[in-house]
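I have placed the structure first, in the form of structure tokens, so that the comments after it can refer back to it.
Remember, predicted model here, so these are calculated numbers, not experimental data.
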Amino acid sequence: MKTNHLSTLHLLNAFGLVAITLAGGSRLLAADFGASDLRCEYARDPNAIAVEAPRLSWVVEAGGTRRGAMQSAYRVLVASSLDGLKKDLGNLWDSGKVSSDQSLHVVYGGRGLVSAQACFWKVKLWDERDEASEWSKPAKWTVGLLKPSDWKAQWITYEPAGSVEDATSAAFQKLLRLEGQKWFWASGAKPGNQAPGKVCFRRIVEVPAGRTLSKAVFLMTADDGFQLFVNGHLAGQGSSWKTLVSTEVGGRLQTGANAIGIEAANGGNDPGPAGVAGRLVLQFTTGDPVVVPVDSSWQTSRESRDRWSWVDFDASAWQPASEVATFGDQPWGKIDVDVVNIDPAPFFRKSFTIPKPVRRATIFASALGVYELRLNGNAVDTDVLSPGWSDYSKRVYYFGYDVTRQLKRGENALGIILGDGWYAGYLAFTGKRHYYGSQTKAIAQLHVEYEDGSVEILGTDDSWKTTTGPVREGDLLMGCVYDAS
């Protein structure tokens, strides 16, 4: 009996050790349970949340050796400062312990938020055994500008100084007409008998050395449509013979030989007579302009081989274009002009002074077009083509950026480079530019919160300086011309 008693005692001790070991193991595993990857409105630490009750989400994490772990409750703390959050003070919102397994789209239910406010938050979870996790790592969101009246900045745009209409510019405009011009098609074509399909036109144009080109415009149309190439690069296009397209190509021309190519297409189920009509007008700072009409001096081919629109292409097998009608004749008749100018990208700049220590600084920015935002010479973010495409007649998006670390005590400079984007550039489904508007604009507003609690707002207005720079042309479909000289 004694032996049995001892055996039983040993057995109980053994089970006790096992129980203690399991309990200790559960405590170790509980420390491996908690919330991670905190998000506000789907984003990590977003900077411009434009809703007063954003949705908060997190990922429920459990140790890799633990099975069946689940969230049974949560507690969310939201504070107006990181220091307050570290002290577990949720002065904006303390949800308390909420019995729920919800980890997606938990709606903020705290104090009313104001524009440009910073909100710091963290989450504690309880597992299926009602054991609490540690607090998550802190996360942050910044409120956007909730009301239109919160925008103190103004839309700004670049308007070049007006030029005086003189005899030179008047003469240029007079040359930029197609009265008396002819329609041309592939070699061998005859009036009323133009074969459907595609035809490539090509000509070498010389820009004389010693003369400075001030403007070069190609006015043309094609039945049904065309693509215009200058030295191998797409420079313009048209999708309907009912419109004369005026394209500025000066930024793509160089001193000496230049290859001008036109790829015209006419086809479909019931193709009509095809043709190309147009002329290139070169204006120089001094001397007479040069006019290069589409005529029989252009070479044509029905095949477009590699590099066919480059200067070094061998076009010895190509044949001269053939005249098929006079401009204004039927079936085309009179055609309206669609002026296409790809203007240089405007640059905007504002210098300002930061007189005292900064607690936090946020920039909100948008554009009719696309923008690149720079602070003290450095890009504010890695975004490109901001603020993206929208239906500009209904809404325009804006972004927010935390620039606290980029500001410095004393003199600072904020800059914006503005591009045409989808607003004023070519849109593929339309085949033309200026679908939404022709004049790009930018708006930006910097909120600076100082350590002493004061706030300063710097917005775009008519005090900003503006000019053009090395980006002579910029279009999403036509590419960019950069003058590195």
**Complete:** Only one of R359, E456, Q117 passes side-chain contact (heavy atoms from CB on, under 4.5 Å) with E449, and that residue is R359

**Message:** With a 4.5 Å cut-off on side-chain heavy atoms, are Y158 and P344 touching?
**Reply:** no

**Complete:** F347 and T468 have their tightest heavy-atom pair at CD1-C, 4.3 Å

**Message:** Please give me the minimum heavy-atom distance between T440 and T157, naming the atom from each residue.
**Reply:** O-OG1, 2.7 Å

**Asked** With no hydrogens and no angle check, is any side-chain donor or acceptor of W464 less than 3.5 Å from a backbone partner on G459?
**Response** yes

**Message:** Treating Q227 as the side-chain partner and L234 as the backbone partner, does any N or O pair qualify as donor plus acceptor under 3.5 Å?
**Reply:** no

**L368 side chain near W155 side chain, heavy-atom distance below 4.5 Å** = yes

**Request:** Mark yes or no for whether D101, through its side chain, and M70, through its backbone, hold a donor-acceptor pair below 3.5 Å.
**Result:** no

**Request:** Take Q71 and W58 through the test side chain to side chain contact (heavy atoms under 4.5 Å, CB included) and record every step on the way to the result.
**Result:** CA-CA 11 Å; Q71 171 188 311; W58 55 85; 3.0 Å; yes

**Item:** Heavy-atom neighbours of K137 NZ exceed 12 at 6.0 Å
**Value:** no

**Item:** Minimum side-chain heavy-atom gap E41-P46 below 4.5 Å
**Value:** no

**Prompt:** If we ignore angles and hydrogens, is there a donor and acceptor under 3.5 Å between the side chains of Q445 and H447?
**Reply:** yes

**Asked** What orientation do Y371 and Y401 show, parallel under 30°, tilted 30 to 60°, or perpendicular over 60°?
**Response** perpendicular

**Asked** Salt bridge between K122 and D88, side-chain N to carboxylate O under 4.0 Å?
**Response** yes

**Message:** Distance check, rounded to the nearest 0.5 Å: T212 atom OG1 versus Q283 atom CD?
**Reply:** 12.5 Å

**Item:** Under 3.5 Å donor-acceptor, D420 side chain and I342 backbone
**Value:** no

**Prompt:** How long is the span from the CG atom in L407 to the CG atom in L446, to the nearest 0.5 Å?
**Reply:** 6.0 Å

**Spatial distance of atom CD (E248) from atom CG (L253) [nearest 0.5 Å]** = 8.5 Å

**Message:** Quick check: closest heavy atoms across I416 and A444, and the distance to 0.1 Å?
**Reply:** CD1-CB, 3.9 Å

**Prompt:** For the side chain of Y398 and the backbone of L145, is there at least one donor-acceptor N/O pair under 3.5 Å apart?
**Reply:** yes

**Prompt:** Are any non-hydrogen side-chain atoms of K124 and K97 less than 4.5 angstrom apart?
**Reply:** no

**Prompt:** Distance-only, no hydrogens or angles: does the N412 side chain make a donor-acceptor pair with backbone N or O of T353 under 3.5 Å?
**Reply:** no

**Asked** Is a side-chain N or O of E128 found less than 3.5 angstrom from the main chain of S72, in a donor-acceptor match?
**Response** no

**Request:** Check the surroundings of atom CZ in R211: do more than 12 heavy atoms from other residues, nucleotides or ligands lie under 6.0 Å from it?
**Result:** yes

**Message:** Return the CH2 to CG distance between W422 and L427, rounded to the nearest 0.5 Å.
**Reply:** 9.5 Å

**Message:** I need the minimum non-hydrogen distance between V249 and A235, along with the two atoms involved.
**Reply:** CG1-CB, 4.2 Å

**Item:** Full working for ring-ring contact (aromatic ring centres under 6.0 Å, His included) between F229 and W308
**Value:** CA-CA 10 Å; F229 298 87; W308 70 271; 5.8 Å; yes

**Request:** Report the distance from atom OG of S463 to atom NZ of K465, rounding to the nearest 0.5 Å.
**Result:** 8.5 Å

**Asked** Should K356 and E451 count as side-chain neighbours, where that means a heavy-atom distance under 4.5 Å?
**Response** no

**Asked** Hey, is the main chain of A48 close enough, under 3.5 Å, to the side chain of T142 for a donor-acceptor pair?
**Response** no

**Message:** For a side chain to side chain contact (heavy atoms under 4.5 Å, CB included) check, start with the C-alpha distance between M478 and R252, then their side-chain angles and the critical distance, and finish with the verdict.
**Reply:** CA-CA 11 Å; M478 297 302 161; R252 300 181 182 271; 4.2 Å; yes

**Asked** Is there a donor-acceptor pair closer than 3.5 Å between any side-chain N or O of S136 and the backbone N or O of A35?
**Response** no

**Message:** Looking only at side-chain N and O atoms, does Y74 offer a donor or acceptor that is under 3.5 Å from a partner on Q102?
**Reply:** no

**Message:** I'd like to check C119 versus V143 (side-chain heavy atoms, cut-off strictly below 4.5 Å). Are they in contact?
**Reply:** yes

**Taking every non-hydrogen atom, the tightest pair across S390 and R395** = OG-O, 2.8 Å

**Request:** Determine, step by step, whether L219 and V281 satisfy the side chain to side chain contact (heavy atoms under 4.5 Å, CB included) criterion, reporting the C-alpha distance in whole Å, the side-chain angles of both residues, the deciding distance to 0.1 Å, and the verdict.
**Result:** CA-CA 8 Å; L219 180 66; V281 182; over 6 Å; no

**Message:** One pair to check against side chain to side chain contact (heavy atoms under 4.5 Å, CB included): H105 and Y42. What are the steps and the verdict?
**Reply:** CA-CA 9 Å; H105 300 165; Y42 297 97; 3.2 Å; yes

**Message:** For Y435, I'd like to know if atom OH has over 12 heavy atoms of other residues, nucleotides or ligands within 6.0 Å.
**Reply:** no

**Straight-line distance of M220 CE to L280 CG, nearest 0.5 Å** = 11.0 Å

**Message:** Less than 4.0 angstrom from a charged side-chain N to a carboxylate O is my criterion; do D94 and R75 meet it?
**Reply:** yes

**Item:** N258 side chain to G256 backbone, donor-acceptor under 3.5 Å
**Value:** yes

**Request:** Taking ring-ring contact (aromatic ring centres under 6.0 Å, His included) as the test, write out the residues that go with W93, two or more places apart.
**Result:** Y108

**Atom NZ of K350: over 12 foreign heavy atoms under 6.0 Å** = yes

**Fill in**
For F120 and L82, the nearest pair of non-hydrogen atoms, with its separation, is CD1-N, 3.6 Å

**Request:** Would you indicate whether E52, at its atom CD, is surrounded by more than 12 heavy atoms from other residues, nucleotides or ligands within a distance under 6.0 Å?
**Result:** no

**Asked** Are the side chains of L38 and L56 in touch, meaning some heavy atoms are under 4.5 Å apart?
**Response** no

**Request:** Indicate the ring-plane relationship of W151 and F364, choosing parallel, tilted or perpendicular according to the 30° and 60° boundaries.
**Result:** perpendicular

**Message:** Quick one about S81 and D83 (side-chain donor to acceptor, distance below 3.5 Å, no hydrogens or angles considered), yes or no?
**Reply:** no

**Asked** Going by heavy atoms in the side chains, are W310 and H233 under 4.5 Å from each other?
**Response** yes

